[in-house]
Amino acid sequence: MAAELTAHELIAAHRPTLDQALEAIRTRAYWSPHPEHPKAYGENGSLDMAAGKAAFDALLGSRLDPGQPGTDDWVGGEVSPYGIELGVEYPHADLDVLLPAMKAGQKAWRDAGAEIRAVVCLEILKRISDRTHEFAHAVMHTSGQAFMMAFQAGGPHAQDRGLEAVAYAYVEQVRTPDTAEWTKPQGKRDPLALTKRFTPVPRGIGLVIGCNTFPTWNGYPGLFASLATGNAVLVKPHPRAVLPLALTVQVARSVLAEAGFDPNLVALAAERPGEGIAKTLATRPEIRIIDYTGSTEFGDWLEANARQAQVYTEKAGVNSVFVESADDYKGMLANLAFSLSLYSGQMCTTPQNLLIPRDGIRTDEGPKTYDEVVADIARAVDGLLGDDARANALLGAIVNPDVKARVEAAAGLGEVALASREVTNPEFPGAVVRTPVLVKLDGAKPDDEAAYMSECFGPVSFAVAVDSAADGVELLRRTIREKGAMTVGAYTTDEEVEQAVQEVCLEEAAQLSLNLVGGVYVNQTAAFSDFHGSGGNPAANSALCDGAFVANRFRVVEVRREA
């Protein structure tokens, strides 16, 4: 296969970016090569806002053919949470044809070495970045995210996470030198001398099982971590969110072919309605790595049954914010209101339980009772979302009927401090938009515990009354230990309480945000600096992204010979 992109060209174009990424993960400082602002696109071959929307519109009702082998049918059926049918068809694969074809390209990809694999991955990310506006609409109309969130989280932030995975993969592969000259003295005899070569070798085919809510943000780390370490990657999107990952596969295949590699190193596994191919794929002997984001039930099944594969899961958790005291009460309220509202709470990092002492808290505005704190949080959310245009821009749309049902059922769980209301989206009348519901629960009542100790995914939060700061800390510990947490937040002016909360999070391995009152929120993480999840509590068995996330996707094989 003749390469249109030479190794020299790829290294010249992307090695500086790789080096900057390596420095960023070393220092944990802010850095991103992918602009967050929509107006930054439209030059040097990238699509501007109008061109991106036109490119998305052109996809509707079309057949997206990545050109992969083994296609035995065409499938589709995605309906946007905003109420429009996408009408895009995708190839359905005969796995007995596709999987062998994917394995065939791994030898050349393995032999290319860590640097070439990294810069090819960066070229894929560059091509995706150039089409960020198109991808943003694809993410918006499969996840229900509002456009600006789909643009940022589904575009530059997802691309950052992919690049971060490539950087970690490169670091781990070059930790061992390519060759070594080994000499062992033997006294008066001639020394023993060996020449040794060390080669990172892939485990096999990686399977990425996509999620509905963040198809690119959650999909790119595993995809690029496996690809950069020499593995072929099969992408199995969520049936309601195929388009963003199908476009990703299409771009990846094009770049691989242009770089002289087998495009079948990356392929798509779309499914028929109700087919449920994830279990079948996950237990195929060819699948040696699995990345999954979704329910605890299926994540646990993968960990128990996909015994032939290295399984990386991000599952459900119960995220808590402990409100013990505050030195910027208004700032705390505004920060919490935004965190509870963003994308209708449909983030694995959204706070669910607000743990508040029943005797109230100390603030810079004087003492506040439990009832006052809860009422003020409710007012802050109501004020933030009082304007329908702003509410639509923050909330997006409810991603599936199960979330809507949970919102409606939450009112029956306790005293409602803030009722959910329906918001009309004039641009998309078919969108289901609901503001958050906030329910009061008593942490001492067993009946209430059943509600707040279970994940209630969506715009549902519980104000849980606790007897004291010590009881709040203990409930926080128990929640993380038993249910897991992707994020933990705390507000306190008491040094002892802060230390106690911090110790809980260190012991139970949960990521902690303290006293956030500005433009950074507990449910947001930045690539190259923040760890998403820890891999140390039941919410996830891995973190995005660290060395452990990439190091076991390959093994090092040694060949030694007499010097």
Side-chain angles (χ1 to χ4, degrees), residues 318-341 345 350-386 391 406-421 434-454 456 458-476 478-479 488-494 497-498 500-501 513-517 521-522:
V318 175
N319 302 317
S320 302
V321 175
F322 180 34
V323 181
E324 188 273 337
S325 53
D327 58 8
D328 182 354
Y329 188 62
K330 283 188 171 60
M332 179 192 80
L333 293 174
N335 194 280
L336 283 175
F338 189 92
S339 298
L340 296 175
S341 303
T350 299
Q352 175 178 300
N353 295 343
L354 308 177
L355 311 181
I356 305 168
R358 67 178 75 253
D359 292 336
I361 69 172
R362 303 179 312 281
T363 81
D364 57 319
E365 298 182 6
K368 300 285 184 179
T369 67
Y370 164 84
D371 287 334
E372 287 175 324
V373 174
V374 177
D376 287 343
I377 293 171
R379 273 192 290 273
V381 173
D382 206 30
L384 178 67
L385 303 176
R406 282 192 288 271
V407 174
E408 293 169 347
L413 297 175
E415 181 186 343
V416 176
L418 176 65
S420 176
R421 70 180 179 89
R434 297 288 187 275
T435 62
V437 57
L438 178 60
V439 178
K440 291 182 177 181
L441 295 177
D442 192 328
K445 291 183 177 179
D447 289 347
D448 286 357
E449 181 174 321
Y452 67 74
M453 284 295 280
S454 300
C456 194
V460 178
S461 294
F462 303 116
V464 183
V466 295
D467 289 336
S468 64
D471 286 331
V473 171
E474 188 52 39
L475 179 54
L476 177 64
R478 186 161 67 89
T479 305
V488 173
Y491 290 90
T492 181
T493 61
D494 187 302
V497 173
E498 179 178 317
V501 170
S513 298
L514 286 167
N515 299 318
L516 297 181
V517 295
Y521 304 94
V522 67

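The first residue of the sequence shown is numbered 1, and numbering continues consecutively from there. The structure displayed is predicted, hence computed values, not measured ones. All values below were derived from every heavy atom in this structure, side-chain atoms included, with hydrogens, water molecules and symmetry-related copies excluded.
- More than 12 heavy-atom neighbours from other residues, nucleotides or ligands sit within 6.0 angstrom of CG on Asp364.
- A salt bridge links Lys440 with Asp371: the distance from a Lys NZ or Arg NE/NH1/NH2 to an Asp or Glu carboxylate oxygen falls below 4.0 Å.
- Side chains of Tyr370 and Asp359 form no contact here, defined as non-hydrogen atoms less than 4.5 Å apart.
- A donor-acceptor pair is defined here as one N or O able to donate and one able to accept, closer than 3.5 Å; no such pair exists between the side chain of Asn319 and the backbone of Gln352.
- In summary, Arg358 and Asp442 engage in a salt bridge, as defined by a charged side-chain N under 4.0 Å from a carboxylate O.
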Exercise for the section: Before giving the answer on side-chain contact (heavy atoms from CB on, under 4.5 Å), spell out for Leu354 and Phe462 the whole-Å C-alpha distance, their side-chain angles and the decisive distance to 0.1 Å. Expected result: CA-CA 6 Å; Leu354 308 177; Phe462 303 116; over 6 Å; no
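- Of the inter-residue distances, the one linking Ile356 atom CD1 with Ile377 atom CD1 reads 4.5 Å to the nearest 0.5 angstrom.
- Leu340 contributes atom CG, which lies 4.0 Å from atom OG of Ser461 (distance to the nearest 0.5 angstrom).
- Note that CG of Leu476 is 10.0 Å distant from CG of Asn353, once rounded to the nearest 0.5 Å.
- When every heavy atom of Pro357 is checked against every heavy atom of Val323, the shortest pair comes out as CD-O, 3.1 Å.
- In this structure the side chain of Glu498 reaches within 4.5 angstrom of the side chain of Leu514, judged on heavy atoms.
- By the 4.0 Å N-to-carboxylate-O rule, Arg379 lies close enough to Asp376 to be salt-bridged with it.
- Here the closest non-hydrogen pair linking Ala410 and Val439 is O-CG2, 3.6 Å.
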Practice task
Evaluate the side-chain contact (heavy atoms from CB on, under 4.5 Å) criterion for residues Tyr491 and Leu336: first the C-alpha distance (whole Å), next the side-chain angles of each, then the deciding distance (0.1 Å), finally the verdict.
Solution key: CA-CA 11 Å; Tyr491 290 90; Leu336 283 175; 4.1 Å; yes
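- Of all heavy-atom pairs spanning Ala490 and Val501, the tightest one is CB-CG1, 3.9 Å.
- The closest donor-acceptor contact from the side chain of Thr435 to the backbone of Arg421 lies under 3.5 Å.
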Exercise for the section: Determine, stepwise, if the pair Thr479 / Ser320 fulfils side chain to side chain donor-acceptor pair (under 3.5 Å). Expected result: CA-CA 8 Å; Thr479 305; Ser320 302; 4.6 Å; no
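- Considering only heavy atoms from C-beta on, Leu385 comes within 4.5 Å of Val381 through its side chain.
- Taking CD of Glu324 as the start and CG of Asp494 as the end, the distance is 5.5 Å to the nearest 0.5 Å.
- Side-chain contact check for Val416 versus Val437: some heavy-atom pair is nearer than 4.5 Å.
- By the 4.5 Å heavy-atom criterion applied to side chains, Val517 and Asn515 are not counted as neighbours.
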Handout entry: side-chain contact (heavy atoms from CB on, under 4.5 Å) evaluation trace for Leu438 with Val374
Key = CA-CA 9 Å; Leu438 178 60; Val374 177; 4.0 Å; yes
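- Note that CG of Leu441 is 10.5 Å distant from CG of Asp447, once rounded to the nearest 0.5 Å.
- The shortest heavy-atom contact between Val497 and Phe322 is CG1-CE2, 3.9 Å.
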Exercise for the section: Check step by step if side-chain contact (heavy atoms from CB on, under 4.5 Å) holds for Leu475 and Val464. Expected result: CA-CA 10 Å; Leu475 179 54; Val464 183; 4.1 Å; yes
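- Between Pro367 and Glu372, the shortest heavy-atom contact is O-OE1, 4.0 Å.
- At least one donor-acceptor pair closer than 3.5 Å links the side chain of Ser325 to the backbone N or O of Thr493.
- In this structure, CG on Leu384 lies 5.0 Å from OG on Ser341, to the nearest 0.5 angstrom.
- Looking only at side-chain heavy atoms (C-beta outward), Phe338 and Leu333 stay at 4.5 Å or farther from each other.
- Looking at every heavy atom in both residues, Gly443 comes nearest to Tyr452 through O-OH, 3.0 Å.
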